[in-house]
Colleague: 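Quick one: the structure is below, questions incoming.
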Amino acid sequence: MSNGILVERRASIVDKCGSGHGYGKGKGQGTGKNKGICCERESVSGAVSQRACVYCGARVVLNPITDAYHIVHGPIGCASYTWDIRGSLSSGSSVYRNSFSTDLRETDIVFGGATKLTAAIDELMAKAKPRPQLIFVYATCIVGVIGDDVEAVCREAERTYGIRVIPVKAPGFSGTKSQGYKLACEAIMALISPHKEQPRRFGVNILGDYNLAGEMWIIKGYLEQIGIPVVATITGDASLEKLIEAPAASLNIVQCAGSAAYLAERMQEEMGIPYIKVSFFGVEDTTTSLINVAKALGKPDILGRARYLAQMRTAEVMPTIEKYRSRLGGKRAAIFVGGGFKAISLIRQFNELGISTVVVGTQTGKKDEYEVIGSLVDDNTVILDDANPAELEHFMLEKKADILVGGVKERPLAYKLGVAFCDHNHERKHPLVGFEGIENFIKEIDLSINSPVWRYVRG
Amino acid sequence: MGANLVNLNVNPCKMCMPMGAVNALCGIKSCMSILHGSQGCATYMRRHMATHYNEPVDIASSSLTEEGTVFGGEANLIKGLHNLIELYHPEVIGVGTTCLAETIGEDVGGIIERFYEQNPAVDVKILNIVTPGYGGTQNEGWFATLRAIVEQVEQDRTPHGGVNIVTPMISPADTRWLKRLLTDMGLEYTLLPDISENLDGATEKHYNKLKCEGTSLAQIATMAGARLTIEFSKFTDAHTSPAEYLCEHYGVAYEKLPLPVGIRAMDRLMEVLKGAGGVMTRELEKERGRYLDAMVDSHKYCARARAAIYGEPDFVTAVVRLCAENGVLPALVATGSVTGKLKVLFADELEACREFAFGGETVILDDCDFSVIERHCREQGVNLLIGSSDGRRIAHKMNIPLIRCAFPIHDHVGGQRVRMLGFEGSLNLLDQSANAMLSQVETSFRTELHQQFFVPSPWEAARHSGPAPEPIASEGERRVGSA
């Protein structure tokens with residue numbers, strides 16, 4: 001075990017150079033396809049996974065709905081740890097930035113918490129300003145165990161108050177964070193399905209962008225500039241009023257596939273809205289996405305404008321990319337992010353900068369995404385699913401990574417190892433999408449990787 | 001939001017019990033913690049601790065699944081223990097329960113016993129820590145953990161001259177200060193727990209993922225032979241206090257003191273430590289003198305402050321006492337814990353504060369959330385917040401300063417270096433309070449006074465628009481006029 005890798009974890013690690021670690025090897029695969037990394041599984045007990053839980057997955061997808069009251073039904077912890085932790089911005093209500101919890105106590109565990117939940121909703125309806133029109137009730141770990149019928153409580157409240165009260169049964173143990181994403185998508189379906197008969201109009205819904213640091217506004221801005229109206233944004237800067245218009249759209253574009261592809265599938269099946277996956281991270285993906293959206297809509301004039309916009313904005317950022325490439329070229333990056341689609345974009349972005357990706361992992365990547373990842377990286381790269389700190393430490397050191405791109409939990413580890421860090425998480429306060437984001441990304445990479453502090457620290 | 005809600009906690013001023021457990025376990029040498037429950041609990045806590053301490057914190061989870069929840073999570077926990085031992089080689093493992101494990105009725109003690117039976121070669125001390133998420137806040141989880149440690153580590157009763165020190169949640173930097181104080185006073189001690197290095201580690205050539213500083217089991221085993229236990233808490237009782245346990249089972253005398261913040265608490269601590277054989281050093285006397293000098297320097301600025309103090313019970317107690325000594329009115333004192341005794345405890349302190357402030361109200365809140373705190377801050381005209389960074393939204397909305405000095409601090413660096421204990425720590429807090437008031441005055445007095453007193457000269461105005469106004473008549477002028 002000297003390399004810090006548990007036997008049970010080996011199938012989730014693929015070292016493309018196959019240097020004899022005893023876990024999956026991808027040697028000799030000229031196409032870069034790694035044969036079946038083990039992924040989309042529950043975390044290994046005691047392995048110190050970086051993943052959160054089902055509730056977390058559901059909450060983060062639904063939370064940016066700005067005028068919703070998000071009630072966490074359970075003991076206080078889950079509400080406390082998810083209170084306003086993400087940087088989703090709002091152009092309207094700020095109700096979503098509050099954390100509501102039924103704060104279950106010992107007696108509730110014994111006698112059940114349904115009465116308290118009902119009382120909580122009643123009280124919210126009587127006192128909360130603005131009057132709630134949409135409430136999500138998240139059932140956390142113990143709610144099912146103590147026998148609370150959350151669905152019945154929500155149904156009753158909908159009947160009494162004539163508003164939407166949607167249960168999200170998300171006990172942490174019922175799967176992985178991806179299961180939570182799915183539950184959130186189902187909640188959105190429950191919300192919009194009654195409105196699916198409205199007349200169609202030309203325009204798109206943006207799915208899977210959460211308006212972190214205004215990113216939804218940036219993407220929406222591009223689309224509007226090339227003549228594509230945006231019908232609903234799901235869920236960044238969303239409101240009940242706009243969300244229920246979603247079934248009117250002619251196309252869904254999916255930015256974060258991990259969290260929203262399921263919703264796109266459902267909307268395609270049940271509402272006949274086609275979808276395409278997009279990514280607005282980096283020059284290459286942003287350009288491709290703009291063109292693909294235009295193509296999917298089948299309007300030549302829009303396609304022309306998409307190409308023009310991409311060319312124009314690319315020309316604007318190229319000097320920055322060129323300027324920094326000389327300082328960044330030849331560096332080695334490690335990536336550990338939530339979903340596979342983001343990892344893919346990051347690898348491409350690093351390629352644009354002449355940085356090679358030597359470690360790449362995700363919390364909840366899917367098989368097909370890992371295949372794309374395998375095809376993008378060179379033979380010196382290790383690929384990990386649901387990596388833990390011990391593995392990240394081992395491979396960052398072995399592969400001599402200069403920078404780690406990841407979330408808050410990974411940051412102190414990188415710093416302790418003398419590795420620079422780029423925050424690509426949901427708490428950041430600067431946008432990383434689109435052409436604006438490219439500049440931010442490059443600058444952040446540079447200011448960490450080339451900071452003078454390393455000269456003294458690594459000494 | 002409208003009025004405050006009673007059936008809903010709106011913006012929690014507390015976390016759950018397992019958070020206290022994992023923080024406390026970071027103060028035990030070569031210890032890893034595993035939470036028996038869903039994967040998310042461990043991850044959330046790691047995230048909170050990572051931003052506060054800026055330190056890697058590895059916490060395992062038994063990652064309970066649907067099956068484990070229905071049929072029991074023994075297999076998961078046992079596998080988790082194996083994996084944790086293989087990955088980290090710890091000397092101690094703390095198994096903390098969660099709301100889930102407790103609700104499904106897991107017999108963690110039994111599981112640990114069976115683990116030992118199945119693995120006789122394993123030489124790791126496994127602690128069973130009962131921390132249901134619904135059973136209290138991080139503060140109760142912290143003390144439940146310390147209590148479990150003293151109960152479950154086999155004790156050696158051989159008397160020695162050392163003292164035991166039990167703390168509530170304090171910062172690594174404050175912990176380092178405490179250790180230096182005891183050393184300077186020539187005392188042998190066991191600190192429970194000691195997070196000073198593990199949660200504020202140095203950058204070194206080789207990173208060790210197992211935290212190897214902190215209080216060892218061997219040290220803990222000597223607690224039964226100590227001459228005295230000092231427990232810095234006013235809120236522990238016979239069931240939760242490590243000091244009371246050591247007294248009841250091993251006859252170790254104890255003193256429960258408030259955290260050493262402010263002059264009275266520090267003097268009391270000095271007195272107790274001297275009684276335990278400690279020697280007051282010249283340097284400490286000088287520190288005390290400097291502190292008194294600083295109290296005088298800033299007393300008039302502090303007197304402008306109407307503070308809201310929120311957080312864990314022992315934290316707010318310490319800060320209220322500091323405020324009282326320095327003429328700061330604790331207009332609002334709030335905790336998310338259920339203590340039931342804040343009002344009694346603070347009665348005299350606050351009475352004196354109100355007297356100094358010529359009346360004024362002081363509000364004391366048990367079991368409260370930030371929506372309630374915000375309302376009272378507005379009603380009370382609070383102009384200074386003291387607590388964790390969770391008060392930043394109120395600070396922003398009300399445009400008042402916030403002194404970040406309690407866990408968690410998410411929006412600033414340096415949570416691990418908060419200093420508020422001892423003369424120097426108290427001084428740090430005092431300086432920040434005084435300076436917050438000075439900044440408020442400095443940035444507003446020109447505008448405020450201009451608005452309050454400046455009126456354009458009547459003669460100047462008259463030159464442009466008519467006859468000069470009559471000045472007011474003095475008494476003499478009125479007599480002449482009427483004659």
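Bear in mind the structure is a predicted one, so any value in this text is a computation, not a measurement. Labels below follow one simple rule: chain letters A, B, ... track the order of the sequence lines, proteins then strands, and each chain is numbered from 1.
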Colleague: What part of N208(B) gets closer than 4.5 Å to chain A, counting heavy atoms only: side chain, backbone, both or neither?
Modeller: neither
Colleague: Could you grab the distance from atom SG of C41(B) to atom OH of Y81(A), nearest 0.5 Å is fine?
Modeller: 8.5 Å
Colleague: When you measure from the side chain of S45(A) to the backbone N and O of N76(B), does any donor-acceptor pair fall under 3.5 Å?
Modeller: yes
Colleague: Would you please test Y207(B) and Y415(A) for side chain to side chain contact (heavy atoms under 4.5 Å, CB included) and show each step?
Modeller: CA-CA 10 Å; Y207(B) 166 68; Y415(A) 288 169; over 6 Å; no
Colleague: Measure A75(B) against the heavy atoms of chain A and call it side chain, backbone, both or neither at under 4.5 Å.
Modeller: neither
Colleague: Of the backbone (N, CA, C, O) and the side chain (C-beta and beyond), which part of S61(B) lies under 4.5 Å from a heavy atom of chain A, both, or neither?
Modeller: backbone
Colleague: Heavy atoms, side chains only, cut-off 4.5 Å: are C16(B) and P75(A) in contact?
Modeller: no
Colleague: Looking only at heavy atoms and a cut-off of under 4.5 Å, which of V145(A), L397(A), V7(A) has the most pairs with chain B?
Modeller: V145(A)
Colleague: Hey, what do you get for NZ (K177(A)) to CD (Q39(B)), rounding to the nearest 0.5 Å?
Modeller: 11.0 Å
Colleague: Taking all atoms of both residues into account, what is the closest heavy-atom pair of L87(B) and A390(A), and its distance?
Modeller: CD2-CB, 3.9 Å
Colleague: Flag the one option from E42(A), E410(A), E123(A), K409(A) with the top tally of heavy-atom pairs under 4.5 Å to chain B.
Modeller: E123(A)
Colleague: What residue in V338(B), L100(B), L84(B) has the most heavy-atom pairs under 4.5 Å with chain A?
Modeller: L100(B)
Colleague: When you look at CD of E40(A), are more than 12 heavy atoms from neighbouring residues, nucleotides or ligands closer to it than 6.0 Å?
Modeller: yes
Colleague: Below 4.5 Å from any heavy atom of chain A, which atoms of M17(B) appear? Answer side chain, backbone, both or neither.
Modeller: neither
Colleague: How many angstroms lie between atom OH of Y456(A) and atom OG1 of T203(B), to the nearest 0.5 angstrom?
Modeller: 15.5 Å
Colleague: Please flag which part of T82(A) lies under 4.5 Å from any non-hydrogen atom of chain B: side chain, backbone, both or neither.
Modeller: side chain
Colleague: Looking at C141(A), A47(A), A414(A), G175(A), which has the largest count of heavy-atom pairs under 4.5 Å with chain B?
Modeller: C141(A)
Colleague: Go through it in stages, so that I can follow the logic: the residues are M15(B) and I76(A), the test is side chain to side chain contact (heavy atoms under 4.5 Å, CB included), and I'd like the CA-CA distance, side-chain angles, deciding distance and then a yes or no.
Modeller: CA-CA 7 Å; M15(B) 289 155 278; I76(A) 199 67; 6.0 Å; no
Colleague: Name the region of I59(B), side chain, backbone, both or neither, that has any atom closer than 4.5 Å to a heavy atom of chain A.
Modeller: backbone
Colleague: Just how far is it from atom CG of L5(B) to atom CZ of F100(A), taken to the nearest 0.5 Å?
Modeller: 7.0 Å
Colleague: Let's go through E204(B) and K416(A) carefully: what are the C-alpha distance in whole Å and the side-chain angles of both, what is the deciding distance for side chain to side chain contact (heavy atoms under 4.5 Å, CB included) to 0.1 Å, and is it a yes or a no?
Modeller: CA-CA 8 Å; E204(B) 296 188 77; K416(A) 275 284 186 282; over 6 Å; no
Colleague: Given that the side chain runs from C-beta out, which part of L104(A) has a heavy atom under 4.5 Å from chain B: side chain, backbone, both or neither?
Modeller: backbone
Colleague: Is there a side-chain contact between P389(A) and D58(B) in this structure, where contact means two heavy atoms from C-beta onward sitting under 4.5 Å apart?
Modeller: yes
Colleague: Is V6(B) in contact with chain A via its backbone, its side chain, both, or neither, using a 4.5 Å heavy-atom distance?
Modeller: both
Colleague: Quick one: which of D390(B), T69(B), I104(B), I34(B) has the most heavy-atom pairs under 4.5 Å with chain A, could you say?
Modeller: T69(B)
Colleague: State plainly whether the residues K79(B) and E8(A) are in salt-bridge range, i.e. N to O under 4.0 Å.
Modeller: yes
Colleague: For atom CZ of R131(A), decide whether the heavy atoms of other residues, nucleotides or ligands shown that lie under 6.0 angstrom number more than 12.
Modeller: yes
Colleague: Can you find a heavy atom in the side chain of W83(A) that is under 4.5 Å from one in the side chain of R393(B)?
Modeller: yes
Colleague: Do I85(A) and R47(B) pass the side chain to side chain contact (heavy atoms under 4.5 Å, CB included) test, and can you show the C-alpha distance, the side-chain angles, and the key distance before you say yes or no?
Modeller: CA-CA 10 Å; I85(A) 59 169; R47(B) 181 214 156 264; 3.9 Å; yes
Colleague: Measure F370(B) against the heavy atoms of chain A and call it side chain, backbone, both or neither at under 4.5 Å.
Modeller: side chain
Colleague: Just checking heavy atoms, which of residues 108-118 of chain A are less than 4.5 Å from chain B?
Modeller: I109(A), K116(A)
Colleague: Relative to chain A, which of T137(B), L77(B), T103(B) shows the most heavy atom pairs under 4.5 Å?
Modeller: T103(B)
Colleague: Pick from H410(B), R46(B), H82(B), H206(B): which one has the most heavy-atom pairs with chain A under 4.5 Å?
Modeller: R46(B)
Colleague: Looking only at heavy atoms, what is the nearest atom pair of G172(A) and S38(B), with distance?
Modeller: C-OG, 3.3 Å
Colleague: Donor-acceptor check, side chain of S80(A) to backbone of P12(B), threshold 3.5 angstrom: yes or no?
Modeller: no
Colleague: For D103(A), enumerate each residue passing the salt bridge (charged side-chain N to carboxylate O under 4.0 Å, His left out) test, keeping only those at least two apart in sequence or located in another chain.
Modeller: R105(A), K14(B)
Colleague: Using 0.5 Å steps for rounding, measure from the OG atom of S99(A) to the CG atom of D369(B).
Modeller: 10.0 Å
Colleague: Out of C78(A), G77(A), C56(A), A126(A), which one racks up the most heavy-atom pairs below 4.5 Å with chain B?
Modeller: C56(A)
Colleague: Would you give the length of the straight line joining atom CG of N11(B) to atom CG of N98(A), rounded to the nearest 0.5 angstrom?
Modeller: 4.5 Å
Colleague: E393(A) versus chain B, heavy atoms under 4.5 Å apart: side chain, backbone, both or neither?
Modeller: side chain
Colleague: Side chain, backbone, both or neither: which part of D84(A) has a non-hydrogen atom closer than 4.5 Å to chain B?
Modeller: both
Colleague: I'd like to verify something: which residue of P56(B), P408(B), G40(B) has the highest number of heavy-atom pairs under 4.5 Å with chain A?
Modeller: P56(B)
Colleague: Can you name the closest pair of heavy atoms from S63(B) and V44(A) and give their distance?
Modeller: OG-O, 4.1 Å
